[in-house]
Amino acid sequence: MAVVFVARSAALTKWASDVGQGKHIFKLGVSEDEAAVKSAVTAGWGGETDWKLIESKEIDGLDEETALARLGRREKVIDPTYYPRLKGATGVFRIALTNVQNSLLVAKAMTADEPLTEVKVKPKDIADYMIRNSIA
């Protein structure tokens, strides 16, 4: 069973905001099992070792190429060949916060119990959004 995961690095986020990519930079990946995910996150990507696992989910029959292509339809992937700092790290995405907010508002509107109020997006919400769009 494959594990889809989302990770974030504070140092890479700072670098990305300095080069004009914004501060909502996340890494989406797919691994064979939870132990491989943890070892990959501790090894890091893009020359940074401060990556933190935000969320992971077990999905049956999903490979990394398919997951990246599905999320790439909605969000902008940062090209690792254009930015040498990423050193071939695939699956690094620049997330548009408005897309996540709209997704949360629609989900809130579908439940009749909660009133529609402004949504404050947290990193876990972004990770849920990324995983949901990579498997659908």
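As the structure is a computational prediction, the values presented were derived from the model and not from experiment.
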Do [X] and [Y] come close enough that some side-chain heavy atom pair is under 4.5 Å?
{"X": "Met1", "Y": "Glu32", "result": "no"}
{"X": "Arg132", "Y": "Asp128", "result": "yes"}
{"X": "Thr13", "Y": "His24", "result": "no"}
{"X": "Arg8", "Y": "Pro123", "result": "yes"}

Contact list for residues 112-136, test ring pair (Phe, Tyr, Trp, His ring centres under 6.0 Å), sequence neighbours left out: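 Qualifying pairs: none.
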
Separation between [atom1] of [X] and [atom2] of [Y], rounded to the nearest 0.5 Å:
{"X": "Ile135", "Y": "Ile59", "atom1": "CD1", "atom2": "CD1", "result": "4.0 Å"}
{"X": "Ile54", "Y": "Ile131", "atom1": "CD1", "atom2": "CD1", "result": "9.5 Å"}
{"X": "Asp50", "Y": "Lys52", "atom1": "CG", "atom2": "NZ", "result": "6.5 Å"}

Only pairs at least two apart or in different chains count here, so list each side chain to side chain donor-acceptor pair (under 3.5 Å) that has a residue in residues 87-100.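 Passing the test, one end in residues 87-100: Glu75-Asn99.
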
Could you give all pairs that pass the side chain to side chain donor-acceptor pair (under 3.5 Å) test and reach residues 34-43, with sequence neighbours left out?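 Qualifying pairs, neighbours excluded: Glu34-Ser56.
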
Around atom NZ of Lys23, are there more than 12 heavy atoms from other residues, nucleotides or ligands closer than 6.0 Å?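 Counting other residues, nucleotides and ligands, NZ of Lys23 stays at 12 neighbours or fewer.
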
CZ (Arg74) with more than 12 external heavy atoms under 6.0 Å: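 No, not enclosed.
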
Going by salt bridge (Lys or Arg N to Asp or Glu O under 4.0 Å), name the residues that satisfy it together with Glu64, two or more places apart in sequence or in a different chain.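 Counting only residues at least two positions away or on another chain, Glu64 forms a salt bridge (Lys or Arg N to Asp or Glu O under 4.0 Å) with Lys27.
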
Can you list everything that forms a salt bridge (Lys or Arg N to Asp or Glu O under 4.0 Å) with Lys14? Sequence neighbours excluded, please.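 For Lys14 the salt bridge (Lys or Arg N to Asp or Glu O under 4.0 Å) partners, ignoring immediate neighbours, are Asp18.
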
Taking every non-hydrogen atom, the tightest pair across [X] and [Y]:
{"X": "Val30", "Y": "Leu62", "value": "CG1-O, 3.7 Å"}
{"X": "Ala89", "Y": "Gly46", "value": "CB-N, 4.3 Å"}
{"X": "Lys120", "Y": "Asp125", "value": "O-OD2, 3.8 Å"}

Would you check, one step at a time, whether the test side-chain contact (heavy atoms from CB on, under 4.5 Å) holds for Val4 with Leu28? CA-CA 7 Å; Val4 180; Leu28 178 87; 3.8 Å; yes

Under 3.5 Å donor-acceptor, Ser134 side chain and Met130 backbone: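 Flag set: sc Ser134 to bb Met130 pair under 3.5 Å.
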
Show which residues join Leu53 in its hydrophobic cluster (side-chain heavy-atom contacts under 4.5 Å, direct or indirect), or state none.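 So far as hydrophobic clustering goes, Leu53 is joined with Val3, Phe5, Leu12, Trp15, Val19, Ile25, Val37, Val41, Trp45, Trp51, Ile78, Tyr82, Tyr83, Leu86, Val92.
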
